[in-house]
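Accompanying notes for the structure given below.
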Amino acid sequence: MNLPPFKLERFFAKYEFNTEYLLCSSDCEAMSVADLLALEEGAAQKFQQVWLGYTESQGSPALRAEICKLYETMQPENILVHTGAEEAIFLFMYAAFKEYDHVIVHSPGYQSLAEVARAAGCDVSPWRAREENGWSLDLDELRHLMRTNTKAIIINTPHNPTGYLMTRTDYEAVHKFAQENKLLLFSDEVYRESEYDPATRLPAGCDLGDYAISLGVTSKTYGLAGLRIGWIATKNKKIYERMAGFKDYTTICNSAPSEFLAEVAMRNRDKLVERNVGIIKDNLSVMDGFFSRHADSFSWVRPQAGSMAFPRLLKGDVEKFCDELVKEAGVLLLPGSLYDDSRNHFRIGLGRKNLPQAVERFEQFLKK
Ligand SMILES: Cc1ncc(COP(=O)(O)O)c(C=O)c1O
C-alpha cells in the first residue's frame with residue numbers, strides 16, 4: 001500500500017487548533033454532548049446506561065434504523081456503519097477494486113476519493129469540474145474517459161470544495177451511464193440535506209439501483225464530526241459483505257457512546273439541519289457582500305448547497321496570500337493547491353458561527 005500524505009489533513013494538523021479564525025472548515029458548527037442530548041426527552045438518562053462493551057460490527061440496529069430514514073428503499077441490512085466517512089471510503093476502495101482497474105473520479109475533490117483508489121492499484125482519471133461552467137461536470141467528457149477496464153465512477157454532490165449541486169438531469173444521466181456500462185457508482189453524499197433549496201435535493205444513489213453505494217456521515221450537515229460516525233447504504237450485497245469483512249481488520253465495530261449519540265442526532269436531524277443551514281445562509285449573505293465589495297480581487301461562484309465555496313484570487317499567488325493572511329490576521333483559508341488546483345482558487349467554509357468576525361478581520365487585512 002502506497003499512500004502519499006493527505007495534503008489537506010496535514011495542513012489542518014498545522015493550523016486547526018492554534019488559529020483564531022478557521023474560515024475554511026468543511027463541517028458545520030458542532031455542539032456539546034449536553035446540547036445534543038437536550039434535543040430529546042430522556043436521552044441524557046439513557047446515555048448514562050450505554051453499555052461499554054463491543055458493539056455489533058455492522059452498527060447498532062437502532063442507529064441503522066434511523067439512518068434508513070434518510071433513504072426511500074433502504075433497510076437496516078443495507079447500512080454498514082463506520083468510523084467516519086473516511087473509513088468507509090478506504091474499505092470501499094479495497095473491497096471494490098483490484099490492480100489495473102480504471103476509475104473515474106470527480107475532480108477537484110476530497111483527496112482520498114482518488115488517492116485510496118490509486119493506492120489500491122487503480123488507474124484514476126479525473127473528471128474535471130470547471131469554474132467557467134459553474135463547476136458542473138460535462139457528460140461528454142465522461143463518455144470519453146470510459147475505458148474497457150473502467151470499474152467505477154466516483155462523484156461527490158453536494159461537492160467539496162465548490163458547493164456545486166448536480167442538476168437532476170445530469171445526475172440521472174450519470175446513473176444511467178453507470179448502469180448501462182455495468183459500473184459501480186460511489187456517490188459521496190456527505191453534504192446531502194444541506195441544499196439551500198430543499199426542492200433541489202437529489203435522490204440518494206443507493207435508492208436508484210444495486211450498482212450504487214451512498215456515503216453518509218454525521219460530521220458535515222449535522223455538525224457532529226467528533227462522533228466519527230459514517231456509513232454506506234447500498235443494495236449491493238457483494239460490496240457490503242466485502243466491506244464488512246475488511247472492517248474486521250480496521251475498527252471491528254464502532255464506539256458505543258458515539259452510536260447512541262448518532263442515533264439521537266439522526267432522529268432529530270431536522271432540528272440540526274434547520275440550525276446549520278440557517279448558519280450557512282446567514283454566512284452566505286455576509287460572503288455575498290464581501291465579494292461584491294472586492295469584485296476586483298476575487299471571482300465568486302455562489303454555492304448551491306453545502307458548507308463550502310471555492311472562490312479565486314485574481315491577482316498574486318494564492319499560497320502566499322493564504323500564508324500572509326494566517327500569519328498576520330489569524331484567519332485561515334485553504335489554498336486550492338491542496339486540491340492540486342493550479343488556478344489560484346481557495347476554499348472558504350460557511351458553516352461556522354464566527355464567520356462574520358473572521359470576515360471582518362479578513363477585510364482589515366485587505367485594507368492594509
Ligand atoms: C467529500 C467528503 N467525503 C468524505 C469526508 C470524510 O468525512 P469524515 O472526516 O467525517 O470521515 C469528507 C471530509 O471532509 C468530505 O469532504
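First listed ligand is number 1; within each ligand, the first listed atom is number 1.
Under the 4.0 Å criterion applied to side-chain N and carboxylate O atoms, Glu195 and Arg201 are assigned as salt-bridge partners. A salt bridge links Glu180 with Lys176: the distance from a Lys NZ or Arg NE/NH1/NH2 to an Asp or Glu carboxylate oxygen falls below 4.0 Å.
Within 6.0 Å of the CZ atom in Arg267, the count of heavy atoms belonging to other residues, nucleotides or ligands exceeds 12. For Glu132, the CD atom sits in a packed shell: over 12 heavy atoms of surrounding residues, nucleotides or ligands are nearer than 6.0 Å. Shown here is Glu72, whose CD atom has no more than 12 heavy atoms of other residues, nucleotides or ligands within 6.0 Å.
For His294, the ring pair (Phe, Tyr, Trp, His ring centres under 6.0 Å) partners at least two apart in sequence or on another chain are Phe290.
Within 4.0 Å of ligand 1, protein heavy atoms belong to Ser26, Gly84, Ala85, Glu86, Ile89, Tyr110, Asn156, Asn160, Asp188, Val190, Tyr191, Val217, Ser219, Lys220, Arg228, listed by chain and number.
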